[in-house]
Amino acid sequence: MTNDAENVTAYNFAYLDEQTKRMIRRAILKGLAVPGYQVPFASREMPMPYGWGTGGVQVSAAVLCPEDCFKVIDQGADDTTNAVSIRKFFETTAGVATTEETAKATVIQTRHRIPEARLGEDQILVYQVPIPEPLRFLEPRETETRKMHSLEEYGLMHVKLYEDVAQHGAIATAYAYPVKVEGRYVMDPSPIPKFDNPKMEMDAIQLFGAGREQRIYALPPHSKVVSLDFEDHPFEASKADHACDICGAEDSYLDEVITDDAGGRMFVCSDTDYCRSRRAAGHMGAQGVPYEEGAA
Amino acid sequence: MTPLLQVEGVSKFYGARIGCEDVSFELFPGEVMGIVGESGSGKSTLLGCLAGQLAPDAGEVLFDTRAEGLRDTLKMSEPERRMLGRTDWAFVHQNARDGLRMGVSAGGNVGERLMAVGARHYGQIRGQAIDWLGRVEISEDRVDDRPGQFSGGMQQRLQIARNLVTGPRLVFMDEPTGGLDVSVQARLLDLLRGLVREMGLSAIIVTHDLAVVRLLADRLMVMKGGHVVEAGLTDQVLDDPQHGYTQLLVSSVLQV
């Protein structure tokens with residue numbers, strides 16, 4: 001593939017060589033064909049440490065086209081170290097357009113959040129996954145967990161939830177909340193808050209890349225995604241019981257920010273783009289200031 | 001009457017060595033069979049073959065399934081066999097740590113089998129777990145403790161509760177009283193005897209402790225060198241041993 005961006009002549013488009021991208025695309029296609037199934041792939045060494053999103057970066061590299069518009073979020077924010085460095089990485093190696101606006105992006109790489117704005121059919125959401133195996137902390141043997149997946153033996157997953165209720169009186173798992181996909185595979189949705197779980201039934205394609213663990217899995221659009229629960233302790237998508245102090249949103253997932261050592265705190269949207277766009281539309285929260293174009 | 005378990009010519013070799021050879025017997029509902037013999041006589045190999053943990057080199061293990069009557073468990077598909085393993089069968093290990101999840105509370109350990117067969121109501125699962133802990137004499141306030149905080153005897157009783165909670169019909173036990181002191185052994189045996197009679201369980205108990213089979217087993221098989229050398233009613237075999245090895249075994253028991 002040729003590339004017309006001047007500064008990338010030393011690299012193939014999007015860093016990875018074409019053979020590697022083909023290999024990853026095959027894994028992605030298989031993952032889409034069998035929703036929730038963890039497809040092994042030959043994860044490459046990337047120019048960043050494991051745990052920084054090497055899986056997500058490889059998946060993004062495999063799906064990016066020159067005409068794509070790329071957005072990266074880390075815990076919902078566009079301006080954190082991880083998001084900035086991955087965005088720069090693809091600006092340099094692929095020369096694609098980048099954006100912070102969810103609606104404009106065609107490929108969104110995310111760590112630990114699903115954007116608040118509803119995603120559409122022409123978008124791809126790429127997750128960074130640390131540990132793809134939902135059964136891992138209950139069953140350490142890989143051979144055994146694979147067998148459990150293939151035979152659909154998922155009783156153990158409920159043992160974890162049982163332990164939660166027994167210890168805390170409610171299902172205390174707040175992130176990486178296990179889901180069952182299309183009535184078949186139990187899947188780890190990566191460490192997104194369980195607030196985001198219901199959003200996984202969406203119009204966009206969702207791809208999950210785990211670089212260190214060498215697994216890719218995927219959800220085609222409109223897949224049925226059910227969060228596991230008990231009949232008498234149903235799943236609940238929880239968030240801080242507060243409104244955003246900057247934009248006043250009551251429906252978005254909030255971060256709690258400690259502002260001083262005297263108990264001062266504020267709750268703010270974790271999705272920075274959502275917060276910014278609300279402020280641009282004239283909304284204001286309890287501690288907010290009027291919106292100015294270009295101001296942080 | 002159909003036997004619950006019918007074993008035909010089961011053999012297992014480890015290379016050229018014999019694990020067990022040409023073992024056949026029938027086990028009827030509500031019956032407890034003891035298998036005794038010295039270390040290395042093939043008892044545990046035989047039990048492993050019967051419970052589907054080892055693949056025998058020859059023979060048939062027919063089990064009277066609820067749906068389809070007698071079926072060879074060795075020819076079943078793995079999902080079917082694993083399903084049997086968590087519904088109609090139970091396996092009590094010698095070392096409770098092999099049969100328990102040490103990182104999960106006692107209640108979770110008992111509830112696991114229920115959840116594995118589809119129970120999804122927390123209150124009911126917990127209720128049954130507490131009920132079963134009571135039956136094996138573990139008090140209700142220990143339900144959220146991990147097995148690591150239990151004594152050896154309690155761990156073994158917890159393992160039994162965990163296995164019996166789904167109402168199995170056949171229980172395999174591998175030295176259930178091994179490593180326990182005699183007073184704890186006596187209580188455990190008493191408990192087991194009560195449960196077996198009350199639930200009408202069939203059981204196969206592998207042990208080298210003749211007192212255990214005397215107390216629990218209706219029938220007895222004596223193994224040596226991978227072969228069954230003598231079989232019969234427990235009292236008959238123990239009181240009037242015919243085979244030289246059985247005579248040695250019976251006379252080896254210390255009289256206090």
Side-chain angles (χ1 to χ4, degrees), chain A residues 37 131 133-174 176-181 183-186 194 197 224-236 238, chain B residues 52-53 76-87 89-90 97-133 138 140-149 158 161-163 165-166:
Chain A
Y37 171 71
I131 294 169
E133 178 51 72
L135 302 162
R136 178 58 68 238
F137 291 110
L138 301 152
E139 175 55 67
R141 288 167 295 179
E142 174 71 14
T143 46
E144 187 63 19
T145 52
R146 279 199 211 187
K147 191 162 275 174
M148 290 160 84
H149 280 294
S150 61
L151 301 179
E152 237 180 305
E153 286 181 4
Y154 290 131
L156 198 52
M157 207 70 249
H158 274 85
V159 173
K160 180 176 186 284
L161 301 180
Y162 171 93
E163 290 289 292
D164 259 12
V165 184
Q167 282 174 24
H168 306 287
I171 298 179
T173 304
Y177 193 102
V179 294
K180 193 164 205 177
V181 177
R184 177 61 181 85
Y185 284 98
V186 165
K194 66 177 169 182
N197 271 20
K224 196 171 165 227
V225 181
V226 179
S227 304
L228 300 180
D229 60 2
F230 286 112
E231 287 159 18
D232 48 347
H233 287 271
F235 171 80
E236 213 177 322
S238 60
Chain B
Q53 296 173 347
M76 278 183 180
S77 65
E78 193 171 7
E80 284 179 299
R81 199 160 48 232
R82 284 173 74 115
M83 190 66 192
L84 264 189
R86 55 178 195 263
T87 53
W89 289 1
R97 283 161 191 273
D98 296 337
L100 292 173
R101 288 194 190 276
M102 300 306 284
V104 170
S105 70
N109 264 296
V110 179
E112 181 179 346
R113 266 171 85 105
L114 293 170
M115 292 181 252
V117 295
R120 291 293 179 261
H121 191 283
Y122 174 80
Q124 287 166 6
I125 294 167
R126 193 170 172 84
Q128 266 184 287
I130 289 172
D131 175 42
W132 265 98
L133 289 182
I138 297 175
E140 186 179 335
D141 56 13
R142 302 300 301 270
V143 66
D144 292 330
D145 290 345
R146 295 190 174 185
Q149 294 162 290
L158 178 61
R162 168 185 161 90
N163 272 289
V165 67
T166 47

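Scope of the values below: all heavy atoms of this structure, side chains included, with no hydrogens, waters or symmetry mates. The structure displayed is predicted, hence computed values, not measured ones.
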*Mark yes or no for whether A:Glu163, through its side chain, and B:Ser105, through its backbone, hold a donor-acceptor pair below 3.5 Å.*
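Yes; judged by distance alone, with no hydrogens or angles, the pair exists.
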_Tell me whether A:Asp232 contacts the main-chain N or O of B:His121 through its side chain, where contact means a donor paired with an acceptor under 3.5 Å._
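Here the side-chain-to-backbone pair does not exist.
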Take atom [atom1] of [X] as the centre, draw a 6.0 Å sphere, and report whether it contains more than 12 heavy atoms from other residues, nucleotides or ligands.
{"X": "B:Arg97", "atom1": "CZ", "answer": "no"}
{"X": "B:Glu140", "atom1": "CD", "answer": "no"}
{"X": "A:Glu236", "atom1": "CD", "answer": "no"}

*asked:* Would you compute the distance between atom CG of A:Leu156 and atom CZ of B:Arg101 and round it to the nearest 0.5 angstrom?
replied: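 The CG atom of A:Leu156 sits 4.5 Å away from the CZ atom of B:Arg101.
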*Between atom CZ of B:Arg120 and atom NE2 of A:His233, what is the distance when rounded to the nearest 0.5 Å?*
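If I round to the nearest 0.5 Å, the distance is 14.5 Å.
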_Less than 4.5 Å to any heavy atom of chain B: does that hold for the side chain of A:Gln167, its backbone, both, or neither?_
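For A:Gln167, side-chain heavy atoms alone lie under 4.5 Å from chain B.
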_Shorter than 4.5 Å, heavy atoms on both sides: which option in B:Gly107, B:Ala119, B:Gly118, B:Gly111 has the most such pairs with chain A?_
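Most heavy-atom pairs within the cutoff with chain A belong to B:Gly107.
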*Between chain A and each of B:Met115, B:Arg86, B:Glu78, count heavy-atom pairs under 4.5 Å; write down the option with the most.*
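Most heavy-atom pairs within the cutoff with chain A belong to B:Met115.
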*Identify the residues of residues 137-147 of chain A whose heavy atoms come closer than 4.5 Å to a heavy atom of chain B, ordered by number, or report 'none'.*
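Answer by number: A:Leu138, A:Glu139, A:Glu144, A:Lys147.
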*asked:* Please classify the contact between B:Arg113 and chain A as side chain, backbone, both or neither, with a heavy-atom cut-off of under 4.5 Å.
replied: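 It is neither, since no heavy atom gets under 4.5 Å.
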_Minimum-distance pair of heavy atoms, taken over all atoms of A:Val159 and B:Gly108_ =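 What the structure gives for the nearest pair is CG1-O, 4.3 Å.
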*Taking all atoms of both residues into account, what is the closest heavy-atom pair of A:Ala166 and B:Asp144, and its distance?*
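Closest pair (atom of A:Ala166, atom of B:Asp144, distance): CB-OD1, 3.5 Å.
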